[in-house]
Amino acid sequence: MTRAEPIDDFAARVLDVVESIPPGRVMSYGDIAGYLRRGPGPRQVGRVMSAYGGAVPWWRVIHADGTPAPGHDLAALAHYLAEGTPLRSAGPPVRVDMRRARWPGR
DNA sequence: ATAATGACGTCGG
DNA sequence: TCCGACGCCATTA
């Protein structure tokens, strides 16, 4: 067999971390890649989110500069307001205050 | 097999 | 602050 599973191990780990991020907190793609400490890198984390992000709180995964995922910034803002995520700008462009909102993992 | 692409990150201008 | 160039790496053309 060559690919019996719907998602690979790396993807499963990424999704697991994303679900562990508490409301009002966020992690960048690079943070997640670094937190796993193994795996191809931030770019591939983004690939996983693009493919399976719909199953997890994707709005808590954003760019290192605090800007949310492209194309979803508006929907993300609604979640931030509802969760009380610290914002540096309610945009546009929408920007999360990374200094306060970053979740170091655990 | 080579080139282009992408939900990235960092640096220089 | 905004924008472009690079480096990075799996996927797709």
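Just so you know, these numbers use all the heavy atoms, side chains as well, and skip hydrogens, waters and symmetry mates. Every chain is numbered from 1 and lettered A, B, ... according to where its sequence line falls, protein lines coming before strand lines.
- Of all nucleotides in DNA chain B, those with any atom nearer than 4.0 Å to a heavy atom of chain A start and finish, going 5' to 3', at B:dG6 to B:dT10.
- In this structure, the separation between CZ on A:R60 and OH on A:Y80 is 9.5 Å, given to the nearest 0.5 Å.
- In terms of position on DNA chain B, the residue among A:A64 and A:R47 whose nearest nucleotide sits closer to the 5' end is A:R47.
- The aromatic rings of A:H79 and A:W59 lie parallel to each other, with less than 30° between the two planes, well short of the 60° mark.
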Is there any protein nitrogen or oxygen under 3.5 Å from a nitrogen or oxygen in nucleotides 1-7 of chain C, and what are the pairs?
residue : atom : partner : partner atom : Å
C:dT1   : OP2  : A:R95   : NH2          : 2.5

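- For A:D16, there are no side chain to side chain donor-acceptor pair (under 3.5 Å) partners at least two apart in sequence or on another chain.
- Remark: A:D73 engages no residue in a salt bridge (Lys or Arg N to Asp or Glu O under 4.0 Å) (not counting sequence neighbours).
- Residue A:L74 places its CG atom among 12 or fewer non-hydrogen atoms of other residues, nucleotides or ligands, all under 6.0 Å distant.
- Taking 4.5 Å as the limit, every side-chain heavy atom of A:I21 sits out of range of all side-chain heavy atoms of A:V56.
- Residue contacts shown for A:G41 are absent, as no nucleic acid heavy atom lies under 4.0 Å away.
- Summary of the strand contacts: A:Q44 and A:G30 both lie near DNA chain B, and taking for each the nucleotide with the nearest heavy atom, the more 5' one is attributed to A:Q44.
- A:T85 pairs by the side chain to side chain donor-acceptor pair (under 3.5 Å) definition with nothing, not counting sequence neighbours.
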N/O donor-acceptor pairs under 3.5 Å from side chains in residues 32-50 of chain A, not counting sequence neighbours:
residue : atom : partner : partner atom : Å
A:Y35   : OH   : A:R106  : N            : 3.3
A:Y35   : OH   : A:R106  : O            : 2.9

